[in-house]
Amino acid sequence: MKKLRINSGEWLFGLSGRVTFLISAILIFFVCFVDKFHGGKAWIPSYTQHILVTCLLSALLALGLNFISGYLGQTSLGHAAFYGIGAYTTAVLLTYTGLNFWLSIFVGMLMSMLLAIPLAAASLRVKGQFLVVITYAFCEIFRYIAINVPVLGGTGGMAGLKAPEVFGVRITKLAATNKGGYMILLFLLVSAAAFFSWRVQRSRVGYAFAAIREDEIAAEAMGINVKYYKTLAMVISAAICSIAGSIQAAFATMVSPELFSSTKSIQIFSMVVIGGRMSIKGMILGGSLMTILPEVFHSVKDMAGLSFDPWNILYGLLLVVMMRVRPQGIWGRKEKDEG
């Protein structure tokens, strides 16, 4: 029979999840506060810190999509919708109501979770390319709403959002640079999402997800409520992606319809595929790679004076090689037959 190989307690390079968290926390705090302890030029450039913040945002998005594309094994090209819903909800509430930023995150989560229910209902009876079309169309609906509703700023989006405060101190003042506060916040959120994913994966809910992924008909015959668990996975996934959108809105101080673009949805899905479905560390790796590699090759283009962006070619080549050589992703789980 076919059986999934379950990883042991080792999480990364032989280290437990707790030790990995502590080492990562030390590195993050070093990056955020090292410039406070010397009077010279900044050791960590602002651009590098911007990339690190984006890596953490991408990891959070990948962890969210992993509940659908990893644990359930379904393909969604519409998760940029939940990312954008979180961002626009925060932007609208901050601009027109003056609501506290932290409360706006929960409102955005609630909006995304409620909207995930009809999407889940629409996708219950379809698979494969039909599910791709439904999720893609769902995202496009919100992109056109953002473009055509004047109160949402139209094609120009909404700008001028204020940085949130933590106990009366602006998040941009919490560390040595204005990006350090966001880095700490996102590190804590990614850690919480990773721990939550780990707990779900080893719970009855996680076993139900695995059964549905392996054989939906057999799972239903065993008494598993397939509709309930598919809807639950979509709702959880939407909530996590919405949080990332709210943080992105505050970090960028603006939102635009580009948040709902199909390109963004494909990028999020690529993080999951390259990192490795069902793998928490794979989600973090995939999000980081899909953030760092484009920046590296953009720099190569500028330094070499190329008339084209080499990343556009290498991105497609990377996906082809991954599908041929390691279809489960870099850190994805393998299936093996056991008699």
Side-chain angles (χ1 to χ4, degrees), residues 1-11 17 61-79 82 116-117 119-136 193-241 265 268-286 319 322-339:
M1 61 182 289
K2 189 172 284 188
K3 184 178 180 181
L4 280 175
R5 184 175 65 188
I6 303 297
N7 294 338
S8 65
E10 296 184 346
W11 199 81
L61 285 169
L63 285 166
L65 181 57
N66 193 39
F67 278 89
I68 297 296
S69 295
Y71 299 146
L72 285 184
Q74 298 182 326
T75 301
S76 170
L77 291 185
H79 267 60
F82 302 121
I117 294 174
L119 175 62
S123 61
L124 283 174
R125 296 183 178 276
V126 297
K127 295 180 182 179
Q129 67 270 29
F130 301 106
L131 179 60
V132 172
V133 171
I134 287 177
T135 53
Y136 173 81
F195 179 73
F196 176 73
S197 299
W198 180 80
R199 293 291 294 177
V200 168
Q201 192 174 335
R202 286 157 178 77
S203 67
R204 292 182 63 182
V205 173
Y207 296 142
F209 287 163
I212 294 170
R213 180 181 67 250
E214 294 301 316
D215 193 325
E216 186 175 322
I217 297 175
E220 192 163 14
M222 291 165 52
I224 295 175
N225 190 335
V226 173
K227 293 182 179 180
Y228 167 77
Y229 284 108
K230 279 190 172 183
T231 303
L232 178 63
M234 186 69 76
V235 168
I236 294 173
S237 181
I240 295 175
C241 290
S265 290
I268 300 170
F269 182 69
S270 299
M271 297 172 192
V272 177
V273 171
I274 291 173
R277 300 188 187 196
M278 297 181 287
S279 170
I280 296 171
K281 56 192 175 187
M283 297 305 99
I284 298 172
L285 175 66
L319 292 178
M322 286 297 300
M323 293 301 97
R324 180 66 183 86
V325 177
R326 195 167 176 84
Q328 74 272 22
I330 296 174
W331 256 322
R333 292 183 174 183
K334 286 184 178 180
E335 292 181 349
K336 63 180 183 178
D337 292 327
E338 292 186 358

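Note that the structure is predicted; figures quoted are calculated from it, not measured.
Atoms OH and CD, on Y207 and Q201 in that order, are 9.0 Å from each other to the nearest 0.5 Å. Atom CD1 of I274 and atom CE of M283 lie 10.5 Å apart (nearest 0.5 Å). The distance from atom CD1 of I284 to atom CE of M271, rounded to the nearest 0.5 Å, is 13.0 Å. One distance of note links CG of L72 with CE of M278; it measures 11.0 Å at 0.5 Å rounding. Considering CG of L77 and CD1 of I134, their distance stands at 12.5 Å, rounded to 0.5 Å. The distance from atom NE2 of H79 to atom CG of L61, rounded to the nearest 0.5 Å, is 9.5 Å.
Looking only at side-chain heavy atoms (C-beta outward), F82 and L119 come within less than 4.5 Å of each other. F196 places a side-chain heavy atom less than 4.5 Å from the side chain of V200. You'll find the side chain of M323 reaches within 4.5 Å of the side chain of V273, heavy atoms only. Between T135 and Q74 there is no side-chain heavy-atom pair separated by less than 4.5 Å.
Put simply, the side chain of S69 never gets that close to the backbone of N66: no donor and acceptor are under 3.5 Å apart. In this structure, the side chain of S237 does not engage the main chain of I68 through any donor-acceptor pair within 3.5 Å.
In Y136, the OH atom is not crowded: 12 or fewer heavy atoms of neighbouring residues, nucleotides or ligands sit closer than 6.0 Å.
Of all heavy-atom pairs spanning M234 and S123, the tightest one is CE-OG, 4.3 Å.
Residues satisfying the ring pair (Phe, Tyr, Trp, His ring centres under 6.0 Å) test with Y71, not counting sequence neighbours, are F67.
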